[in-house]
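Have a look at the structure below before the remarks.
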There are 2 protein chains.
Amino acid sequence: MAKLRKRQRQEALSELLERNPFLTDQELAARFGVSIQTIRLDRMELGLPELRERLKQVAEQAYGRVKSVSSTDIIGDLIEINLDESALSVLDTDSSMTFAASEIVRGHHIFAQANSLAAALVDAPVALTGSAQIKYLAPVYAGQRIVAKAKVTKIEGRKRLIKVRSYVGDKDVFVGDFTLFALANSSEDKR
Amino acid sequence: MAKLRKRQRQEALSELLERNPFLTDQELAARFGVSIQTIRLDRMELGLPELRERLKQVAEQAYGRVKSVSSTDIIGDLIEINLDESALSVLDTDSSMTFAASEIVRGHHIFAQANSLAAALVDAPVALTGSAQIKYLAPVYAGQRIVAKAKVTKIEGRKRLIKVRSYVGDKDVFVGDFTLFALANSSEDKR
DNA sequence: TAGATATTAGTAGTAGATACTAAAACATCT
DNA sequence: AGATGTTTTAGTATCTACTACTAATATCTA
């Protein structure tokens with residue numbers, strides 16, 4: 001039985017740290033009712049880095065993301081963009097995005113990717129979504145990679161119509177027609 | 001001249017750390033051509049936290065952001081619910097939800113609140129969003145509290161039509177018509 | 001040149017670890 | 001029950017990037 005307990009604990013540990021990287025070995029030991037050494041052995045065997053390393057990674061990721069898209073915070077990774085024309089982003093899904101009871105990714109994540117891609121596409125400091133008609137064509141499961149393609153279909157003054165299609169592999173999972181409004185930067189001149 | 005040099009160095013230090021929180025005192029000392037102690041004195045005088053604390057803060061912020069559109073089943077706080085009838089939730093917005101360049105809350109947060117409220121309303125273990133028509137009626141600013149009200153307007157077999165209206169105070173900011181499908185729990189019995 | 005300000009040096013102590021050795025507890029097989 | 005292997009715990013030395021503190025030296029200014 002010992003083997004089982006160990007395996008289960010290690011699995012739980014992996015998951016827990018994925019969801020909450022802010023726990024020290026001490027806290028983990030208390031949580032699992034084992035000694036610190038056991039936790040350290042487990043982390044070693046699983047190749048999980050220490051608290052400080054985990055924090056650094058989270059911070060770096062966040063920082064990289066904020067930096068690289070400082071003006072156009074995007075959900076997913078922006079792969080390609082031609083302002084006021086077309087854009088493409090990729091979102092790797094995981095179980096933190098699913099319903100508690102299933103492995104199906106919740107709709108608003110798919111929407112967020114599409115919506116932020118559409119907003120990034122607008123050549124203006126700020127773009128507000130005015131309205132949208134969206135359709136979910138097939139469920140997306142945790143672990144699948146969503147590729148979203150956005151195309152500007154119409155420009156009328158400050159208004160933009162943008163069509164977004166999202167795929168998993170070559171299966172369509174989502175389509176949306178977005179109406180966005182380009183805003184001048186609200187008060188300050190760029191700085 | 002000493003005072004000037006010190007003041008300038010401290011200003012530069014503040015800015016540098018703001019832009020790049022990943023530098024150790026040693027690296028900072030090398031960069032400014034002074035000793036570690038000087039850097040530590042400077043940080044003390046300016047009330048700037050140490051590297052590890054800075055990393056932790058960046059990581060926490062980042063994590064908070066990820067969380068806001070993930071882990072929980074419902075975005076916002078569920079205040080009231082009558083399954084298959086109506087529900088109400090409240091979302092307190094903050095600047096982590098805004099565009100970098102303005103204080104306007106990004107559309108997908110408002111959508112996420114509405115979508116998850118609609119899904120919660122369906123009396124089934126899992127509810128998938130099939131499609132939606134949404135409209136943003138007015139911008140929401142960081143700090144404002146969004147109240148979302150959802151109502152089931154039609155039930156047809158596993159299909160539910162749900163109307164969601166969101167308010168800030170008594171101003172309408174969002175309306176959406178959602179089509180959801182109730183799913184039996186896909187394979188496992190609830191656990 | 002005295003006095004103030006700024007800078008540097010150095011020590012003790014901290015958290016949260018790594019890396020390592022060794023003992024104890026437990027499980028398993030015969 | 002005894003030998004063997006796995007798992008868990010204990011404990012020590014060492015590390016980084018510090019804080020908190022004392023004290024000496026360098027530099028500037030009046």
Side-chain angles (χ1 to χ4, degrees), chain A residues 1-68 94 96, chain B residues 1-67 70-71 191:
Chain A
M1 293 293 120
K3 265 181 198 159
L4 245 168
R5 259 190 271 132
K6 187 183 180 184
R7 268 241 323 271
Q8 284 180 330
R9 189 186 58 234
Q10 293 193 341
E11 274 171 41
L13 185 66
S14 284
E15 267 183 63
L16 183 56
L17 285 184
E18 186 117 354
R19 281 208 318 280
N20 183 357
F22 295 87
L23 298 166
T24 62
D25 286 356
Q26 206 164 44
E27 289 168 325
L28 291 168
R31 204 168 277 223
F32 286 104
V34 295
S35 71
I36 285 197
Q37 279 77 4
T38 300
I39 294 295
R40 288 181 179 162
L41 260 176
D42 285 347
R43 275 202 299 103
M44 285 258 283
E45 285 176 20
L46 297 167
L48 300 171
E50 61 164 301
L51 167 66
R52 284 160 183 175
E53 201 42 46
R54 293 195 301 270
L55 287 190
K56 201 176 155 196
Q57 284 172 10
V58 171
E60 259 165 4
Q61 244 189 25
Y63 220 73
R65 194 168 304 159
V66 167
K67 233 181 193 169
S68 67
D94 61 57
S96 76
Chain B
M1 292 293 119
K3 263 182 202 161
L4 245 168
R5 258 189 275 133
K6 187 184 181 182
R7 267 241 325 268
Q8 284 181 330
R9 189 186 58 234
Q10 292 193 342
E11 273 172 41
L13 185 65
S14 284
E15 266 183 63
L16 184 55
L17 284 185
E18 186 115 356
R19 281 208 319 279
N20 183 359
F22 297 86
L23 298 166
T24 62
D25 286 356
Q26 205 165 44
E27 289 167 327
L28 292 167
R31 205 169 275 224
F32 286 103
V34 296
S35 71
I36 284 196
Q37 279 76 3
T38 301
I39 293 296
R40 290 184 176 160
L41 261 176
D42 284 348
R43 273 201 302 103
M44 283 259 283
E45 286 176 20
L46 297 167
L48 299 171
E50 61 163 300
L51 168 66
R52 286 164 181 172
E53 200 45 45
R54 294 195 299 273
L55 288 190
K56 201 177 156 196
Q57 284 171 12
V58 172
E60 259 163 3
Q61 245 187 26
Y63 222 70
R65 193 167 306 161
V66 169
K67 238 184 193 165
S70 70
S71 65
R191 43 170 291 183

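Numbered from 1 within each chain, the chains take letters A, B, ... in sequence-line order. Heavy atoms only: backbone and side chains are in, while hydrogens, waters and symmetry mates are out.
Here the P atom of nucleotide C:dT18 and the CD atom of A:E45 are 14 Å apart, to the nearest Å. Rounded to whole angstrom, the span from the CD atom of B:E53 across to the C1' atom of D:dC18 amounts to 11 Å. Residue B:K56 contributes atom NZ, which lies 12 Å from atom P of C:dA17 at whole-angstrom precision. With rounding to whole Å, A:L51 atom CG is found 14 Å from C:dA15 atom P. Note: CD (A:E50) to P (C:dT18) measures 5 Å, nearest angstrom. Atom-to-atom, CG of A:L46 to C1' of D:dT7 comes out at 15 Å; the value is rounded to the nearest Å. Put simply, CD on A:Q26 is 13 Å from C1' on C:dT14, counting in whole angstrom units. Between A:L55 atom CG and C:dA17 atom C1' there is a gap of 12 Å when expressed in whole angstrom units.
Side-chain contact between B:T24 and B:E50 is absent, with no heavy-atom pair separated by less than 4.5 Å. The shortest distance between side-chain heavy atoms of B:I39 and B:Q26 does not fall below 4.5 Å.
Panel note: side chain A:R54, backbone A:N20; no donor-acceptor pair is recorded below 3.5 Å.
Between A:R52 and B:M44, the one whose closest nucleotide on DNA chain D sits nearer the 5' end is A:R52.
Residue A:R9 has a polar side-chain atom (N or O) positioned under 4.0 Å from OP1 or OP2 of D:dT8.
Tested against B:D25 for a salt bridge (charged side-chain N to carboxylate O under 4.0 Å, His left out), the candidates B:R40, B:R52, B:R31 yield a single pass: B:R40.
Not counting sequence neighbours, the partners of A:L46 by the side-chain contact (heavy atoms from CB on, under 4.5 Å) test are A:Q10, A:L13, A:S14, A:L48.
Contacts between residues 29-43 of chain A and DNA chain C, counted as heavy-atom distances below 4.0 Å, involve A:R40, A:R43.
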Using the rule given for side chain to side chain contact (heavy atoms under 4.5 Å, CB included), can you reason through A:T38 versus A:R9, listing the C-alpha separation, both sets of side-chain angles and the distance that settles it, and then say yes or no? CA-CA 10 Å; A:T38 300; A:R9 189 186 58 234; 3.3 Å; yes
